[in-house]
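First comes the structure, then the notes that go with it.
All ligand and atom numbering here is 1-based and tracks the order in the structure. Computation of the quantities below employed the complete heavy-atom set of this structure, encompassing side-chain atoms and omitting hydrogens, waters and symmetry-equivalent molecules. Everything numeric here is computed off the predicted structure, so don't read it as measured data.
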Amino acid sequence: MNHSKTLILAAGEGTRMRSQKPKVLHQVCGENILDYVVGASRDSGILDIAVIVGFQAEMVKESLSPQLETYYQKDQLGTGHAVLQALPFFEKLQGNLIVLVGDAPLIRAETIEGLVLAHETGGYAATVLTAKFDEPTGYGRMIKNRSGELQKIVEEKDANPEEKQIKEINSGMYCFDAQALILALQELKTDNSQGEYYLTDVIEIMRKMGKTAGTYVTPDPEDIQAINSRVQLAEAEVVMRKRINRKLMDAGVTMIDPATTYVGNRVLVGQDTILYPGVILEGETVIGEDCLIGANSRLVHTKIGNNVTIQSSTILESSVDDYTSVGPYAYIRPGSEIGKHCKVGDFVEVKNSTMADGAKASHLTYIGDGDVGENVNLGCGTVFVNYDGKKKYRTIVEKNAFIGCNTNLIAPVTVKEGAYIAAGSTITEDVPEDSLAIARARQVNKVGYLKK
Ligand code: UD1
Ligand code: CA
């Protein structure tokens with residue numbers, strides 16, 4: 001392959017999104033639309049990438065990795081004008097300039113590779129990525145001569161009734177010979193119905209310069225779907241979800257109902273793990289092998305080991321190690337590390353805490369800012385009282401301690417190894433090793449009191 005670079009057009013406002021933020025920063029399956037386009041270029045082996053920014057340029061720039069070059073288009077005078085703003089990026093390029101659009105996240109590396117291959121085998125100065133649509137309204141149409149050679153592209157707004165019948169449409173993505181493109185760009189005019197510099201006009205200009213242009217019909221029309229509205233955003237989400245879920249299932253993950261299983265693009269799931277309906281996996285979540293993630297569980301930036309069972313629970317920015325069971329209805333909040341063979345049962349909340357291997361909180365417990373040792377048993381209704389209204393304090397429960405039901409541990413406090421707390425205690429002082437602490441009022445029975 002010749003040396004290639006990719007230029008992504010993302011200066012447009014995207015008015016139809018009716019949004020305060022730029023269109024390309026809306027998300028599909030948890031990732032920015034624009035990042036998918038960048039990713040597709042990288043996956044096809046083209047790492048030299050620049051983005052044309054305009055509308056809310058700073059915000060778009062900040063979202064991008066600093067390795068990417070950006071060029072600023074002050075006024076949106078058309079796609080041809082946009083490409084011209086990046087002239088320094090490809091001025092000296094002896095090779096291909098791939099032009100992609102920042103609002104079409106479904107483009108795949110395979111499709112870019114196919115486009116470049118068609119371009120090089122055809123020996124074209126420009127190759128247009130096209131699709132054949134039964135309903136081509138709104139797109140530029142590919143005008144070919146009788147022998148099928150591409151002559152020009154006509155925009156919907158400039159097309160005559162005959163041209164409007166043409167079903168082969170312009171995706172807005174291309175592979176250009178960079179030097180031929182530079183020559184053609186110099187000739188662009190705005191004598192069209194929109195008064196814009198159309199990038200599409202370079203096809204006819206190149207032909208007049210004695211060069212040839214070709215088309216590459218996308219193998220999958222979904223690849224070129226651009227997002228212009230919230231409805232199209234939701235449609236792209238469905239397509240992307242199918243792709244992500246398919247890849248996971250092909251790699252050995254079971255999904256009971258893929259249509260209602262929501263997995264982010266960067267999530268990893270191990271073999272023989274089963275995802276139930278309504279599971280939502282977001283961010284950099286990693287799940288090991290042989291896990292069961294039950295219905296309506298939501299995991300964000302979370303690492304799960306192997307053979308873990310999670311039922312109808314929420315876990316945020318935390319980790320859960322092998323053979324542990326969580327839920328139903330547990331809530332594990334950021335900064336928590338749960339060990340192996342642990343149990344975090346129903347209505348247990350854990351926040352910024354560690355639970356060492358074998359620790360158990362089977363029901364109705366709050367573990368906030370705590371360190372729970374190996375094989376500790378927290379009885380039903382244990383509360384780590386971590387907050388005095390101003391500051392948060394830590395609670396330490398050392399290994400093999402047993403905390404009776406309905407105990408309050410008033411932080412800062414330490415329960416030493418092997419200690420035993422009687423049910424109903426409110427613990428304000430450290431409990432020594434292997435000791436029994438009882439901190440509750442003694443029961444008094446007033447016999448026959450109510451008969452008096
Ligand atoms: C363009 C094509 C059309 C094609 C369609 C595919 C032209 C003249 N027409 O149409 O043939 O069928 O895409 O969707 O190119 N942009 C800029 N700066 C500008 C104008 C646009 O960066 O001055 C960016 C937009 O942010 C967008 C992309 O270029 O990502 C395409 O612009 P858009 O206005 O959506 O394309 P159309 O003019 O509708
Ligand atoms: Ca336009």
Close N or O approach ([X], ligand 1; < 3.5 Å):
| X | result |
| --- | --- |
| Q194 | no |
| A11 | yes |
| T200 | no |

Contact region, L77 to ligand 1, non-hydrogen atoms below 4.0 Å, reads backbone

Honestly, for E196 the part within reach of ligand 1 (heavy atoms, under 4.0 Å) is neither

Which of the atoms in ligand 1, numbered in the order shown and given with their element, are less than 4.0 Å from a heavy-atom of [X]?
| X | value |
| --- | --- |
| E155 | 2 (C), 3 (C), 7 (C), 8 (C), 9 (N), 10 (O), 11 (O) |
| V101 | 28 (C), 30 (O) |
| Q76 | 18 (N), 19 (C), 23 (O) |
| G140 | 3 (C), 4 (C), 11 (O), 12 (O) |

(Q) Just checking Y329 against F347, ring centres under 6.0 Å apart? (A) yes

Heavy-atom nearest pair, P136 first then K164, reads CG-O, 4.2 Å

Check the angle between the aromatic planes of Y323 and H341 and answer parallel, tilted or perpendicular using the 30° and 60° thresholds.
-> parallel

*asked:* Is it true that, when you exclude E162 itself, more than 12 heavy atoms of the residues, nucleotides or ligands shown sit nearer than 6.0 Å to its CD?
replied: no

*Within a radius of less than 6.0 Å around OH of Y366, do more than 12 heavy atoms belonging to other residues, nucleotides or ligands occur?*
yes

Note to self: Closer than 4.0 angstrom, basic N to acidic O: yes or no for D223 and R243?
What the structure shows: yes

So do N352 and K392 actually touch side chain to side chain, heavy atoms under 4.5 Å? no

Exercise. Taking the side chain as every heavy atom from C-beta outward, state whether Y198 and I203 have any atom pair closer than 4.5 Å.
Key: no

Taking the minimum heavy-atom distance to [atom], which of [options] ranks first?
| atom | options | value |
| --- | --- | --- |
| atom 23 (O) of ligand 1 | P136, G78, A82, G12 | G78 |
| atom 24 (C) of ligand 1 | L9, V202, L100 | L9 |
| atom 8 (C) of ligand 1 | Y71, Y198, Y197, F55 | Y198 |

Is the shortest distance from a heavy atom of S171 to ligand 1 less than 4.0 Å?
yes

Practice problem: Answer yes or no for H81: is there a heavy-atom contact with ligand 1 below 4.0 Å? | Solution: no

Check: H81/Q73 side-chain N/O donor and acceptor closer than 3.5 Å = yes

